[in-house]
Amino acid sequence: MIVGRDISLNGEIGSCDVLVVEGTVEAKLRDGRSIEIAETGLFKGAVEIDEADIGGRFEGDIIVRGRLTVRSTGKINGSIKYGELAVEAGALLNGEIGKYTPAAKPAAAPPVPAEAAPAPAALDPIVVDG
């Protein structure tokens, strides 16, 4: 999806393979593959994405599971998490910046093979002498 230079978009973007921002977007974007913010573009909101290329302005929370590239004209203000970071001279990063680490899933207990499970013990009859 391309948001052109004179276009403003507000809302939530549920799924978008590639988002190119040349205008203004105020949104929450989940489940995307790539975002590109051109020099004329402004994105305000929250993004969780695989790859990002920032040449314009980004304000908010950005999580990039893969590579975050910030061009010399790029400005990011907010919370920044990245898998890999490339920053050109002249770029501005302001806020909380850190490495992205996927949330660890709790380890499941290994299954017990049927042959390794103990056989149920034979029950002795209970005799009550009254």
Side-chain angles (χ1 to χ4, degrees):
M1 174 167 63
I2 298 173
V3 178
R5 189 174 256 206
D6 296 325
I7 305 293
S8 291
L9 175 70
N10 292 339
E12 185 167 330
I13 303 169
S15 180
C16 181
D17 192 39
V18 177
L19 175 62
V20 178
V21 180
E22 296 172 351
T24 301
V25 174
E26 290 187 46
K28 179 179 181 180
L29 170 62
R30 297 277 182 227
D31 297 327
R33 188 180 60 78
S34 174
I35 185 170
E36 177 185 334
I37 302 175
E39 286 186 41
T40 58
L42 167 63
F43 189 103
K44 290 183 178 183
V47 170
E48 185 169 342
I49 200 131
D50 291 334
E51 305 286 327
D53 190 318
I54 312 295
R57 292 185 318 167
F58 183 95
E59 297 177 8
D61 300 330
I62 185 167
I63 297 172
V64 183
R65 294 179 286 270
R67 175 177 266 225
L68 167 60
T69 302
V70 186
R71 304 290 174 188
S72 62
T73 55
K75 296 172 181 63
I76 301 178
N77 188 24
S79 173
I80 306 161
K81 298 282 186 196
Y82 60 88
E84 183 178 315
L85 181 63
V87 180
E88 292 181 355
L92 297 173
L93 302 174
N94 184 34
E96 183 180 322
I97 303 169
K99 183 87 170 141
Y100 169 75
T101 51
K105 294 180 182 175
V112 177
E115 61 274 357
L123 297 177
D124 292 327
I126 300 175
V127 178
V128 178
D129 193 11

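Atom set for the values below is all heavy atoms of this structure, side chains included, hydrogens, waters and symmetry mates excluded.
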Donor-acceptor pair, side chain of E84 and main chain of R67, under 3.5 angstrom: no
Step through the shown structure and confirm whether more than 12 heavy atoms of other residues, nucleotides or ligands are within 6.0 Å of CD on E88. yes
How long is the span from the OH atom in Y82 to the NZ atom in K99, to the nearest 0.5 Å? 6.5 Å
Rounded distance (nearest 0.5 Å) linking atom CG of N10 with atom NZ of K44: 9.5 Å
Would V21 and L9 show up in the same hydrophobic cluster when neighbours are defined by side-chain heavy atoms closer than 4.5 Å? yes
Mind listing the closest non-hydrogen atom pair of I49 and I35 along with its distance? CD1-N, 3.7 Å
R33/D50 salt bridge by N-O under 4.0 Å criterion: no
Heavy-atom count check: over 12 atoms from other residues, nucleotides or ligands less than 6.0 Å from E12 CD? yes
Any link between I2 and I7 through a network of hydrophobic side chains (Ile, Leu, Val, Met, Phe, Trp, Tyr) touching at under 4.5 Å? no
Would you say R30 has more than 12 foreign heavy atoms packed within less than 6.0 Å of its CZ? yes
Without swapping roles, check the side chain of T73 against the backbone of G55 for a donor-acceptor pair under 3.5 Å. yes
Heavy-atom closest pair, residues S72 and A89: CB-O, 3.0 Å
Separation between CD of E51 and OG1 of T69, rounded to the nearest 0.5 Å: 7.5 Å
Is there a side-chain contact between E59 and L42, using heavy atoms and a 4.5 Å cut-off? yes
Distance check, rounded to the nearest 0.5 Å: I54 atom CD1 versus E36 atom CD? 9.0 Å
The reported gap from CG in L68 to CG in D53 (rounded to nearest 0.5 angstrom) is 8.5 Å
Under a 4.5 Å side-chain heavy-atom rule over Ile, Leu, Val, Met, Phe, Trp and Tyr, are Y100 and V47 clustered together? no
Should I63 and I13 be regarded as members of a common hydrophobic cluster, given that ILVMFWY residues are connected when their side-chain heavy atoms come within less than 4.5 Å of each other, either directly or indirectly? no
C16 versus L29, closest heavy-atom pair with distance: CB-CD1, 4.1 Å
Between the CD1 atom in I97 and the CD1 atom in I76, the distance rounded to the nearest 0.5 Å is 8.0 Å
In terms of hydrophobic clusters joined by side-chain contacts under 4.5 Å, are M1 and I62 together? yes
One pair to check against salt bridge (charged side-chain N to carboxylate O under 4.0 Å, His left out): K81 and E48. What are the steps and the verdict? CA-CA 9 Å; K81 298 282 186 196; E48 185 169 342; over 6 Å; no
Could you tell me whether D6 atom CG has more than 12 heavy atoms of other residues or ligands within 6.0 Å of it? no
Report yes or no: does T40 contribute a side-chain atom to a donor-acceptor pair with the main-chain N or O of E22 at less than 3.5 Å? yes
